[in-house]
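What follows is a short report on a single structure.
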Number of protein chains: 2
Amino acid sequence: MMSQQQEIAQRIRELGFRLTPQRQLILDILSALDRHATATEIYDQVQSVSPAVNRATVYRTLNFLCEIRVLVAGTISGKTVYEIADPTPHHHLVCTGCKHVTVLGDHHFEELAAHLLDEHDFQADIDHLTIHGLCQPCRAAASG
Amino acid sequence: MMSQQQEIAQRIRELGFRLTPQRQLILDILSALDRHATATEIYDQVQSVSPAVNRATVYRTLNFLCEIRVLVAGTISGKTVYEIADPTPHHHLVCTGCKHVTVLGDHHFEELAAHLLDEHDFQADIDHLTIHGLCQPCRAAASG
DNA sequence: CTCGTTATTGCAACAATTCGCAATAAAGCA
DNA sequence: TGCTTTATTGCGAATTGTTGCAATAACGAG
Ligand SMILES: [Mn+2]
Ligand SMILES: [Mn+2]
Ligand SMILES: [Zn+2]
Ligand SMILES: [Zn+2]
């Protein structure tokens, strides 16, 4: 039984990449936060611990970790956010009224993915979608 | 029978906003382009016609026109792109292998929207989604 | 443990995007 | 047409994100 951090470390090395202190720090921060965070939020936390780490390194690390699927990125209300990827994908509903964010299981999209494969010969990679709209309370408030 | 530009002009005024030369120019450019364009592409074209128009105005105008739904924005292979909104929404499939972009009709998402309303009481506003994945030729190339 | 390869970093310049604020001008009205 | 209101612009500066390159350091081999 490996910890999540150990599994990630192994994955990075297996792919021929290196586990640097900068990468570990960013993973620690995201692991402790346990929620969506913007690049700036992450950079600020990195700074408060290791001021020598450069901004470019943070951006490059976030992109790198997304590419090897250790992280997932998403756009929520116009902001790019990052988090550690779950073993099973999840998605989000975002209310444009109250800005509330809810989690959505992957199964809602399986049907869609099947259609895209059937009808368009396209293997969709639906990882971490965000769907904007209006929640029930906000709809009631708007129409009432 | 109104032209598309006239309808947009009317919409802007009806909502209490103003139709400025800057807004008209940006709409003309997008209308002539008739495809996805980045903010930088649009700014460059604006510059070549009206060098006095400021970069901030272009960004503010693009955001404004998206908010009132005259434009739709999207993220394609990591870049934010804009285009004039069709009367009927469309979406895109983007292959991460060959970067090819295809159009997808709205009907693929009606089922999903219905589920979200039923099961989550959420009125999804699915306007202009982008789904990344692999097209058939790229899958064949990868596995073959 | 030491060495060599090369992935990764820091740096610095650059490009893209956002923001506050004072000046401008669109649109409705007399 | 001329006046008033205030939405919108331009400007300058701050913030955020990207890039080329030389210096550094992770990690496998010996
Ligand atoms: Mn998430
Ligand atoms: Mn489109
Ligand atoms: Zn809401
Ligand atoms: Zn392809």
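Because the structure is predicted, anything quoted here is derived from the model rather than measured. What's counted below: heavy atoms across the whole structure, side chains too, no hydrogens, waters or symmetry copies. Just so we're on the same page: letters track the sequence lines, and every chain starts at 1.
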Classify [X] by what it touches in the nucleic acid, base, sugar-phosphate, or nothing, heavy-atom distance under 4.0 Å.
X: B:Arg13; result: sugar-phosphate
X: A:Arg23; result: sugar-phosphate
X: B:Ala56; result: base
X: A:Tyr43; result: nothing

Quickly work out the [X] [atom1] to [N] [atom2] distance and round it to whole Å.
X: B:Glu41; N: C:dT17; atom1: CD; atom2: C1'; result: 16 Å
X: A:Asn63; N: C:dT9; atom1: CG; atom2: P; result: 12 Å
X: A:Ile26; N: C:dG10; atom1: CD1; atom2: P; result: 9 Å
X: B:Gln24; N: D:dT8; atom1: CD; atom2: P; result: 14 Å
X: A:Ile68; N: C:dT8; atom1: CD1; atom2: C1'; result: 13 Å
X: A:Asp44; N: D:dT15; atom1: CG; atom2: P; result: 11 Å
X: B:Ile12; N: D:dT9; atom1: CD1; atom2: C1'; result: 15 Å
X: A:Arg55; N: C:dA16; atom1: CZ; atom2: C1'; result: 13 Å

Review point. Donor-acceptor pair under 3.5 Å: do we get one between B:Arg18's side chain and the base of C:dA27?
Key: no
Check your understanding: If you take atom types as modelled and just measure distance, does the side chain of B:Arg60 reach the base of D:dG10 with a donor-acceptor pair under 3.5 Å?
Key -> yes
Check your understanding: Starting at the 5' end of DNA chain C and moving along, which residue's nearest nucleotide shows up first, B:Ala39 or B:Leu19?
Key ->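 Final value for this comparison: B:Ala39.
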Exercise for review: For B:Thr80 and for A:Val53, find the nucleotide of DNA chain C with the closest heavy atom, then tell me which residue's nucleotide is more 5'.
Suggested key: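 Result: A:Val53.
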**Study point:** B:Thr20 side-chain N/O to C:dA25 phosphate OP1/OP2 under 4.0 Å
**Key:**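 Looking at the OP1 and OP2 atoms of C:dA25, neither is under 4.0 Å from any side-chain N or O of B:Thr20.
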Review point. Between B:Thr40 and C:dA16, is there a side-chain N or O to OP1/OP2 distance below 4.0 Å?
Key: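 Yes.
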Review point. Side chain of A:Glu41, backbone of A:Thr38: donor and acceptor closer than 3.5 Å?
Key: yes
Practice item. Would you confirm whether A:Thr75, through its side chain, and A:Gly78, through its main-chain N or O, come within 3.5 Å as a donor-acceptor pair? Key: no
**Study point:** Step-by-step ring pair (Phe, Tyr, Trp, His ring centres under 6.0 Å) determination, A:His90 to A:His128
**Key:** CA-CA 6 Å; A:His90 72 265; A:His128 191 235; 4.8 Å; yes
Side chain of [X] (C-beta onward), nearest among [options]:
X: A:Asn54; options: C:dA27, C:dC11, C:dA26; value: C:dC11
X: A:Gln22; options: C:dT8, C:dG10, D:dC27; value: C:dG10
X: A:Thr57; options: C:dT9, D:dT8, D:dT16; value: C:dT9

Revision key, fill the gap. To the nearest 0.5 Å, atom CD of A:Gln5 lies from atom OG of A:Ser31 at 4.5 Å
Check your understanding: How close do A:Cys98 and A:Cys135 get, heavy atom to heavy atom, and via which atoms?
Key -> SG-SG, 3.8 Å
Check your understanding: Is there a donor-acceptor contact under 3.5 Å linking the side chains of B:His36 and B:His92?
Key -> yes
